[in-house]
Amino acid sequence: MRSVGIGSLELEAGGSLPSVTMAYECWGTLNAAGSNAVLIQHALTGSTHVSRGDSEENGWWEGLVGPGEVIDTDQYFVVCANMLGGCYGTTGPSSIAGDGAPYGSRFPFVTIRDSVHAEARLADQLGITSWHAVIGGSMGGARALEWAVTFPERVRRCAVVAACAASTAEQIAFAQAQVLAIRQDPNFANGDYYDGAAPTLGLGLARRIAHITYRSEAEMGTRFGRNSQAGENPISHGRLRIDGGSPVQERYQVESYLDHQARKLVGRFDANSYIVITEALMSHDVGRGRGTLEEALARTAGVEFLVAAVNSDRLYFPAQSEELAAALPGSVEVRRIDSAIGHDGFLTEVGAVGELLREQFFTD
């Protein structure tokens, strides 16, 4: 993990952040011409750790980036930056403001476009004038697309995987439920909870809501069905009792699975950052202030696009990828990732994603 200061940043909603730090990881070596750089954009609760590299922890796209891999770090300089408002090193609500206290409730509203402007400053600091490719899935795909539209002269190739041109009403509705789950936690304290108990129950509930949209009904049905968790009985009066703020553990297997996903996120993510980044994703609209979608995308005429959809995705429907591709200049075919998983297929089907990228962006 590395970090660099990029100074103050004007925000799309007005005002500014007076001092922004961008955190990132990188692999490989930037060539003298600065022409071999690849930017990979993480998803909503993702981190900068795309690949194991010299560490002992596998990355979230392990097997895609590294020596001899599809994105060969013997040839390419790969960068993954933590999004503005995050909690993995980039300035966010848990960062210390100028008065020595965490921003908390004082952290401003930021957009996908704001983060892309911050990432462009990071690229300047690293000496990268243009990217060989900008690649992202889900929220990362929104950031990749925004890069291509905001800075088309700096993006030669753009991969938008399991993402769309603008967050839809349904996606915003799912997101609102998650945000409210956190804000209504008794420990939220209007976002100023850093000196007390964190709103873990609300964050855990937000993760449960989100994770249902990340997996397909068929996958959950095949994996869990109506089976009970081992040693527990969901046909029980105990399910109506509350113990310590939570129902007594008499669960179906799928409930145990969601509980597990909630615990994992609560242990590694800041609730305020979850709200800030979720709000940024709700704001995603590459056409905002740029005319029609076709007019907004016209400026990307010199960018080569890969648009890919997961065939079982029920959060970012393949039809939304088709709409994006149809509005792009030229003729862009939507490629399909065959997975029963659902939206998370962009993460689990690393081989399929890699083959699409190799075929279009990383041929010898």
For [X], check side chain to side chain donor-acceptor pair (under 3.5 Å) against everything at least two apart and list the hits.
X: S312; result: none
X: E322; result: R336
X: E359; result: R335
X: R288; result: E12

Any donor and acceptor pair, going by atom type alone, linking the side chain of [X] with main-chain N or O of [Y] inside 3.5 Å?
X: S51; Y: V65; result: yes
X: N272; Y: S105; result: no
X: T278; Y: I275; result: no
X: E304; Y: C158; result: no
X: S95; Y: G92; result: yes
X: R157; Y: V38; result: no
X: T222; Y: A218; result: yes
X: E349; Y: D338; result: no
X: N82; Y: T91; result: no

Please check if the distance between the ring centroids of Y76 and F362 is under 6.0 Å.
yes
Selection [range] - residue pairs positive for salt bridge (charged side-chain N to carboxylate O under 4.0 Å, His left out), sequence neighbours left out:
range: residues 36-54; result: none
range: residues 178-197; result: R183-E279
range: residues 127-146; result: R113-E146, E119-R143, E146-R290
range: residues 90-110; result: D99-R106

Donor + acceptor pair across side chains of R207, T45 (<3.5 Å)
yes
Side chains of D259 and S256: is there a donor and an acceptor less than 3.5 Å apart?
no
Carefully, step by step, assess L64 and L357 under the rule side-chain contact (heavy atoms from CB on, under 4.5 Å).
CA-CA 9 Å; L64 190 64; L357 290 170; 4.1 Å; yes
For D270, give me all partners under salt bridge (charged side-chain N to carboxylate O under 4.0 Å, His left out), at least two apart in sequence or on another chain.
none
Set of salt bridge (charged side-chain N to carboxylate O under 4.0 Å, His left out) partners for D344, sequence neighbours left out:
R215
Under a 4.5 Å cut-off applied to non-hydrogen side-chain atoms, are [X] and [Y] in contact?
X: I128; Y: V79; answer: yes
X: Y316; Y: H343; answer: yes
X: I235; Y: E250; answer: no
X: I135; Y: L39; answer: no
X: V160; Y: L306; answer: no
X: V50; Y: W60; answer: yes
X: Y214; Y: S138; answer: no
X: S167; Y: H284; answer: yes

Per the side-chain contact (heavy atoms from CB on, under 4.5 Å) rule, which among L17, I277, I112, V276 passes with L84?
L17
When the ring planes of F224 and Y257 are compared, do they come out parallel, tilted or perpendicular, using 30° and 60° as the limits?
tilted
Classify the ring geometry between Y193 and F188 as parallel (under 30°), tilted (30 to 60°) or perpendicular (over 60°).
tilted
Verify the neighbour count for atom CZ of R226: are there more than 12 heavy atoms of other residues, nucleotides or ligands below 6.0 Å?
no
ring-ring contact (aromatic ring centres under 6.0 Å, His included) pairs, two or more places apart, involving residues 24-45:
none
Under the ring-ring contact (aromatic ring centres under 6.0 Å, His included) criterion, do H117 and F151 qualify, and how do the steps go?
CA-CA 9 Å; H117 279 282; F151 300 107; 5.4 Å; yes
ring-ring contact (aromatic ring centres under 6.0 Å, His included) filter on H49, not counting sequence neighbours, yields none
Determine whether D124 and R154 satisfy the following criterion, salt bridge (charged side-chain N to carboxylate O under 4.0 Å, His left out), listing intermediate values before the conclusion.
CA-CA 11 Å; D124 293 341; R154 302 184 69 168; 2.9 Å; yes
Does the pair S228 and R251 meet the rule for a side-chain hydrogen bond (donor to acceptor under 3.5 Å, both in side chains), with working shown?
CA-CA 6 Å; S228 304; R251 300 167 297 176; over 6 Å; no
Connected via hydrophobic side-chain network under 4.5 Å: V350 and I40:
yes
Passes salt bridge (charged side-chain N to carboxylate O under 4.0 Å, His left out), E219 versus R314? Steps please.
CA-CA 12 Å; E219 192 260 350; R314 60 175 176 175; over 6 Å; no
